[in-house]
Protein chains: 2
Amino acid sequence: MGNKGEALRQRIIAAADELFYQQGYEHTSFSDIADVVGISRGNFYYHFKSKDEILNAVIGARIAGIEVMLDEWDEKFTDPLQRLYYYIDMLLRAQEEICLHGCPIGSLCTELAKTNHEMLNDANKMFTVFRDWLMVQLNLLGVKKNVKKIAMHFIARVQGIVTVTNAFEDKEFLQQEVKQLKKWLDDEVVFPESSNRQS
Amino acid sequence: MGNKGEALRQRIIAAADELFYQQGYEHTSFSDIADVVGISRGNFYYHFKSKDEILNAVIGARIAGIEVMLDEWDEKFTDPLQRLYYYIDMLLRAQEEICLHGCPIGSLCTELAKTNHEMLNDANKMFTVFRDWLMVQLNLLGVKKNVKKIAMHFIARVQGIVTVTNAFEDKEFLQQEVKQLKKWLDDEVVFPESSNRQS
DNA sequence: CAAACTGTAGGACGACCATCCTACAGTTTC
DNA sequence: GAAACTGTAGGATGGTCGTCCTACAGTTTG
């Protein structure tokens with residue numbers, strides 16, 4: 001059946017996912033993953049031909065995980081504005097991990113860019129999934145102009161908050177920025193008093 | 001005299017600085033630096049006792065370099081608003097490098113956080129130098145409330161732009177975000193129409 | 001000139017890493 | 001029950017890394 005092998009494969013991916021987030025991709029060795037999963041080092045090559053292949057599987061799993069999560073959000077909230085608030089509040093819900101390890105997506109992309117890794121172009125698709133979802137919510141809110149730009153801006157705002165929070169290990173900064181980001185969403189995106197400021 | 005030795009020490013720091021930016025700290029080996037400088041590998045330990053000591057020297061050199069740069073900006077522009085524009089335009093001036101390697105400060109902090117490196121608390125001082133300078137300029141502009149928060153917010157905005165630009169290797173995104181950041185500076189910080197939005 | 005110091009070179013080390021290979025146990029298929 | 005396949009274990013390999021050590025050339029100091 002290969003059921004047992006597939007289950008182990010999933011456990012390897014899950015362990016690698018967490019370790020890549022906590023320690024970074026390059027800094028995580030096969031031994032690290034093997035220790036967590038509880039299998040032998042060399043046996044890895046039965047499931048994955050190379051370390052890059054694990055990275056590829058982790059990126060795929062993360063993208064799938066994000067899509068599932070966003071579907072759940074869509075079910076949980078009918079109001080697109082509530083969904084966007086929930087997106088921002090993700091920062092609060094994950095504040096401990098963010099303080100310690102930053103953003104799983106942003107920090108991986110930063111690392112892959114540094115090592116000139118070809119898979120950067122796959123990794124940044126994790127952002128794209130969020131972006132597309134954000135665009136849908138903005139559309140539902142009646143935002144007509146510059147929807148894609150606003151969505152990308154949104155993501156960049158979140159990334160900035162995470163980078164600085166992580167660099168200073170400062171949860172308070174994160175908390176006050178979350179408030180400000182919500183205010184921006186209210187004042188500048190949903191109910192722009194004057195003309196649309198996004199140029 | 002030790003003059004020759006000191007000169008070489010400076011060349012090592014400069015080479016390490018550039019390589020750490022382009023390749024990351026962990027991913028840069030002694031051999032890499034030695035090749036660039038043109039000296040033997042083992043001889044490193046005459047000038048630096050460990051790799052961490054080079055990192056320490058690089059951080060120190062960067063902080064000194066930033067301080068010199070900001071002093072030059074202060075001389076070049078008398079208007080604090082012009083100085084802040086020039087700060088934002090730094091993104092445009094460095095857009096090629098940002099696309100390829102991100103922010104020298106942000107990406108280093110991200111990496112050090114991942115490896116639980118003690119020197120993160122020294123590295124984030126590079127941000128602090130910018131923050132303090134920003135606070136001075138904001139004060140000169142007559143901003144009285146939340147000056148520190150606005151300065152940190154400023155830095156986070158820049159970091160977000162850099163992270164996304166780097167992840168997507170997208171200079172156009174950087175360019176449009178620069179425009180938006182200037183608009184924010186004008187509308188929300190310098191001439192806030194309604195009440196001060198920074199809470 | 002001899003001794004001491006400064007600076008450089010390059011090899012040796014032990015550790016770790018990704019990868020490969022072979023051996024072997026368990027299951028399935030014929 | 002023999003053959004084939006699935007899955008696991010663990011050692012071997014070759015490379016790279018940070019670090020250490022010794023040798024040596026050049027300069028300075030006595």
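Residue numbers start from 1 in every chain, and the chains themselves are labelled A, B, ... in the order their sequence lines are given, proteins ahead of strands.
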Sub-4.5 Å side-chain heavy-atom contact between A:L174 and A:V178: yes
Measuring from B:I66:CD1 to B:M126:CE, what's the distance to the nearest 0.5 Å? 6.5 Å
Do B:F30 and B:F48 have ring centres separated by under 6.0 Å? no
State, to the nearest 10°, the angle formed by the axis through the first five base pairs of the helix from C:dC1-D:dG30 to C:dC30-D:dG1 and the axis through its last five. 10°
Residues in residues 50-61 of chain A with a heavy atom under 4.0 Å of DNA chain D, by number, are none
Counterpart residues, side chain to side chain contact (heavy atoms under 4.5 Å, CB included), relative to B:A156 (two or more places apart): A:V164, A:F173
Does the pair B:K125/B:D122 count as a salt bridge with the N-to-O cut at 4.0 Å? yes
Tell me, which pairs form a side-chain hydrogen bond (donor to acceptor under 3.5 Å, both in side chains) where one or both residues lie in residues 87-96 of chain A, sequence neighbours left out? A:D89-A:K182, A:Q95-A:Q175, A:E96-A:K171
Side chains of B:F168 and A:T128 in contact at under 4.5 Å (non-hydrogen atoms): yes
The criterion is side chain to side chain contact (heavy atoms under 4.5 Å, CB included); which residues satisfy it with A:A151, sequence neighbours excluded? A:R131, A:L134, A:M135, A:L138
Enumerate the residue pairs fulfilling side-chain hydrogen bond (donor to acceptor under 3.5 Å, both in side chains) with a member in residues 10-23 of chain A, sequence neighbours excluded, ordered by first and then second residue. A:E6-A:Q10, A:D17-A:R62, A:E18-A:Q22, A:Q23-A:T28
Among pairs that include at least one residue of residues 156-165 of chain B, which meet side-chain hydrogen bond (donor to acceptor under 3.5 Å, both in side chains), considering only residues two or more places apart or in two chains? B:H153-B:R157
If you define the side chain from C-beta out and look only at heavy atoms, does anything of A:M90 sit under 4.5 Å from A:F130? yes
Going by atom types alone, do B:Y25 and B:D52 pair a side-chain donor with an acceptor below 3.5 Å? yes
By the side-chain hydrogen bond (donor to acceptor under 3.5 Å, both in side chains) test, which pairs, at least two apart or in different chains, include something from residues 106-115 of chain B? A:S107-B:K114, A:K114-B:S107
Can you sort out which residues in residues 16-33 of chain B have a heavy atom within less than 4.0 Å of DNA chain C? Ascending by number, please. none
Mind listing the residues from residues 35-46 of chain B sitting with a heavy atom below 4.0 Å of DNA chain C? Number order is fine. B:I39, B:S40, B:G42, B:N43, B:Y46
Using the side chain to side chain contact (heavy atoms under 4.5 Å, CB included) criterion, which residues pair with A:E72? Sequence neighbours excluded. A:V68
Are B:L108 and B:I59 side-chain neighbours, meaning at least one heavy-atom pair lies under 4.5 Å? yes
Quick check on contacts: within residues 115-122 of chain B, what sits under 4.0 Å from DNA chain D by heavy-atom distance? none
